[in-house]
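In what follows, every chain begins at residue 1, and chains take the letters A, B, ... in the order their sequences are listed. In this text, all values refer to a predicted model and were calculated from it rather than measured experimentally.
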Amino acid sequence: MLTLKQINENKEDVIARLSIKNFEGKDLIEEVIHLDTQRKTIQRKLDSLLAEQKALSKEIGNLFKQGKTDEANEAKQKVSDLKEDSKELATEMDNTEKSISSILLKIPNLPHASVPKGKTADDNVEVKSGGTIPSLPEDAKPHWELAKNLNLIDFELGVKITGSGFPVYKGKGAKLQRALINFFLEENIAAGYSEMMPPLMVNEDSAYGTGQLPDKDGQMYHVQTDNFYLIPTAEVPLTNVFRGVILNASDFPVKLTGYTPCFRREAGSYGKDVRGLNRLHQFDKVEIVQIEHPSKSYDTLDEMVAHVEGILQKLELPYRILRLCGGDISFTSALTYDFEVFSTAQEKWLEVSSVSNFESFQANRLMLRYREEGEKRNQLAHTLNGSSLALPRILAALIENNQDETGIVIPKALQPFCGFDRI
RNA sequence: GGAGAGAUGGCCGAGUUGGUCGAAGGCGCACGCCUGGAAAGUGUGUAUACCUCACAAGGGUAUCGUGGGUUCGAAUCCCACUCUCUCCGCCA
């Protein structure tokens with residue numbers, strides 16, 4: 001969430017930038033500033049009342065020791081009276097603070113200056129593309145047919161075991177999954193990321209920490225008996241590693257990668273968007289996360305984009321990179337680049353990665369700070385993350401684009417990881 | 001799941017007949033002295049948030065797992081919850 005300092009010091013700018021995200025924030029901003037002023041007034045009063053009580057209470061101890069019982073009892077009464085007042089103020093303070101934070105939770109992150117205006121995905125700006133879209137034979141098939149014919153994925157079996165959106169990978173299909181996971185992890189490790197295997201369920205604090213709650217409640221699977229959430233992305237556990245942590249400026253950049261399955265309820269999705277591997281309730285993804293110094297986070301974002309692009313090039317897939325417009329960018333992000341690969345048989349672009357800079361938005365909720373050498377005051381760090389990469393749509397594009405008369409050709413970079421060069 | 005013990009500052013650890021305890025002591029860390037240099041020794045400092053304020057100094061408030069209660073006053077007493085450890089049970 002935004003800090004009160006950000007809001008107080010740049011009110012007009014905050015409102016203007018929120019409007020890029022199509023968020024009408026004027027009223028909320030005004031209100032939160034007002035409440036904050038109120039809070040300060042209350043705290044001043046409350047603190048001085050408490051200070052008086054504290055001093056008197058100490059005095060009472062002394063008086064009793066000296067045997068001045070009458071004076072002590074007199075002071076007791078006085079403190080009791082003061083306490084009445086401070087109790088009221090404390091309640092007021094509490095309510096005001098609650099109102100403030102409930103408003104702050106509703107305000108999205110400020111978009112970066114380079115975020116284009118726009119309402120929908122059509123307004124996203126293509127910043128780069130690469131690879132070659134292959135020309136496929138007349139009878140080219142979409143991935144769900146290929147996967148079935150070649151016995152790589154059994155969607156019906158997944159329905160039987162669990163439900164739609166939970167595919168079963170079989171034989172070479174399963175091995176291809178493992179190969180992709182290893183390939184991605186090795187690429188990330190080679191780029192300086194440390195691997196971590198985090199829990200697949202997180203507690204409520206963690207879900208709040210990265211902003212999934214309260215914004216995306218209902219999109220996550222919730223294990224109610226234990227109040228755990230199944231992770232929708234490894235971003236949640238990996239970033240929460242740093243919840244409440246104070247780093248040294250010299251610790252930057254912190255680079256983590258991790259493979260996890262991801263679980264999403266995807267309520268409301270239907271039709272061709274969910275066909276085959278296009279949208280699943282459980283899918284595999286390798287994630288990259290960085291914690292960075294505020295002055296370097298945009299360079300780091302560029303570096304992460306270049307890194308993901310390099311992987312797509314090794315996979316020889318046709319891709320494009322989009323800068324998301326205000327209407328399509330997420331609640332928590334300041335700037336996001338989406339990667340899409342072209343699925344030739346479906347003739348459409350599929351999102352396979354989303355790389356974002358959250359600036360201090362997540363860090364504020366996480367209380368993730370750093371200490372500058374020689375400075376006393378702690379600052380909020382910047383957090384970034386990206387998929388590197390999400391498996392299902394990569395797999396979809398891979399088998400569609402590389403199909404020939406008798407099967408599927410495996411790209412060179414992947415062959416050492418799967419141990420075969422075609423299916 | 002059953003029985004018991006415990007949760008204190010970066011770490012270890014005192015404090016639980018309630019009072020001057022944000023908290024002894026040690027370690028670690030930072031800076032200084034000492035030294036040719038280092039070690040040892042020695043001195044000083046070393047939590048977080050908010051308020052006041054210039055995001056200075058100084059001052060104030062809160063925080064000893066979390067939330068509530070008793071009391072003039074709680075790390076210390078009471079209640080609930082969470083977590084950790086030990087033993088038993090179960091188990092990949």
*Asks:* How far does the C1' atom of B:C90 sit from the matching atom of B:G67, given to the nearest Å?
*Replies:* 33 Å
*Asks:* Under 3.5 Å, is there a donor-acceptor pair linking the side chains of A:D284 and A:Q177?
*Replies:* yes
*Asks:* B:G9 and B:A47: how far apart are their C1' atoms, nearest whole angstrom?
*Replies:* 6 Å
*Asks:* Where are the stems of RNA chain B, defined as at least 3 consecutive Watson-Crick or wobble G-U pairs with both distances under 3.5 Å?
*Replies:* B:1-7 with B:82-88, B:10-12 with B:25-27, B:28-33 with B:41-46, B:47-52 with B:58-63, B:65-69 with B:77-81
*Asks:* Considering only distance and modelled atom types, tabulate donor-acceptor pairs under 3.5 Å from the side chains of residues 49-64 of chain A, sequence neighbours left out.
*Replies:*
| unit_1 | atom_1 | unit_2 | atom_2 | d |
| --- | --- | --- | --- | --- |
| A:Q53 | NE2 | A:L82 | O | 3.4 |
| A:Q53 | NE2 | A:S86 | OG | 3.0 |
| A:S57 | OG | A:Q53 | O | 3.0 |

*Asks:* Is there a salt bridge (Lys or Arg N to Asp or Glu O under 4.0 Å) between A:K119 and A:D123? Walk through the geometry before answering.
*Replies:* CA-CA 7 Å; A:K119 299 265 187 221; A:D123 300 316; over 6 Å; no
*Asks:* Under a 3.5 Å cutoff, is there a donor and acceptor pairing between the side chains of A:N109 and A:T332?
*Replies:* no
*Asks:* Scan nucleotides 48-57 of chain B nucleotide by nucleotide, 5' to 3', and note B when protein non-hydrogen atoms come under 4.0 Å of the base, S if they reach only the sugar-phosphate, - if neither.
*Replies:* SSBSS--B-S
*Asks:* Could you go through nucleotides 73-77 of chain B and list every protein N or O atom that sits under 3.5 Å from one of its N or O atoms, giving the distance for each pair?
*Replies:*
| unit_1 | atom_1 | unit_2 | atom_2 | d |
| --- | --- | --- | --- | --- |
| B:G73 | OP1 | A:K83 | NZ | 2.9 |
| B:G73 | O4' | A:S57 | OG | 3.4 |

*Asks:* Evaluate the ring planes of A:F252 and A:Y370, with Trp represented by its six-membered ring, and classify them as parallel (under 30°), tilted (30 to 60°) or perpendicular (over 60°).
*Replies:* perpendicular
*Asks:* Send over the distance from A:E204 CD to B:U82 C1', rounded to a whole Å.
*Replies:* 13 Å
*Asks:* Pick the C1' atom in B:C78 and in B:G26, then give their distance to the nearest Å.
*Replies:* 34 Å
*Asks:* Dump every N/O contact between nucleotides 29-31 of chain B and the protein below 3.5 Å, one line per pair.
*Replies:*
none

*Asks:* Does the side chain of A:E303 come within less than 4.5 Å of A:E292's, by heavy atoms?
*Replies:* no
*Asks:* Would you call the rings of A:F263 and A:Y221 parallel, tilted or perpendicular if under 30° counts as parallel and over 60° as perpendicular?
*Replies:* perpendicular
*Asks:* Can you tell me, in whole Å, how much space there is between the P of B:G65 and that of B:U46?
*Replies:* 23 Å
*Asks:* Quick one, A:I321 with A:V305, criterion side chain to side chain contact (heavy atoms under 4.5 Å, CB included). Give me CA distance, side-chain angles, the key distance, then yes/no.
*Replies:* CA-CA 9 Å; A:I321 305 174; A:V305 167; 4.2 Å; yes
*Asks:* Listed by chain and number, what are the salt bridge (charged side-chain N to carboxylate O under 4.0 Å, His left out) partners of A:E340, not counting sequence neighbours?
*Replies:* A:R320
*Asks:* Apply salt bridge (Lys or Arg N to Asp or Glu O under 4.0 Å) to residues A:R39 and A:D36 and explain how you reach the verdict.
*Replies:* CA-CA 5 Å; A:R39 193 200 99 245; A:D36 188 41; 2.3 Å; yes
*Asks:* Can you tell me how far P in B:A62 sits from the matching atom in B:C21, rounded to whole Å?
*Replies:* 15 Å
*Asks:* Could you work out the separation of B:A39 and B:G73 based on their C1' atoms and round it to a whole Å?
*Replies:* 49 Å
*Asks:* Hydrogens and angles aside, do A:Q362 and A:E235 bring a side-chain donor and acceptor to less than 3.5 Å of each other?
*Replies:* yes
*Asks:* Answer with base, sugar-phosphate or nothing: what part of the nucleic acid does A:L50 contact at a heavy-atom distance below 4.0 Å?
*Replies:* sugar-phosphate
*Asks:* Specify the separation, in whole Å, of atom NZ of A:K54 and atom P of B:G59.
*Replies:* 13 Å
*Asks:* Pick out which of A:R377, A:Q379, A:H293 makes a side chain to side chain donor-acceptor pair (under 3.5 Å) with A:E372.
*Replies:* A:H293
*Asks:* Which is true for A:A75 with a 4.0 Å heavy-atom rule: it touches a base, it touches only sugar-phosphate, or it touches nothing?
*Replies:* nothing
*Asks:* Is it the case that the side chains of A:N278 and A:R275 hold a donor-acceptor pair, with the cut-off being a distance below 3.5 Å and no angle test?
*Replies:* no
*Asks:* Provide, to the nearest angstrom, the distance between the CG atom belonging to A:D205 and the P atom belonging to B:C83.
*Replies:* 12 Å
*Asks:* Say we look at B:A30 and B:A40: how far apart would their P atoms be, to the nearest angstrom?
*Replies:* 13 Å
*Asks:* Give me the distance, rounded to whole Å, that separates B:G6 from B:G60 when you measure between the C1' atoms they each carry.
*Replies:* 35 Å
*Asks:* Toward the 5' end of RNA chain B, which comes first, A:L46 or A:K58, by nearest nucleotide?
*Replies:* A:K58
*Asks:* Using the six-membered ring wherever Trp is involved, compare the ring planes of A:F183 and A:F417 and label them parallel, tilted or perpendicular (cut-offs 30° and 60°).
*Replies:* perpendicular
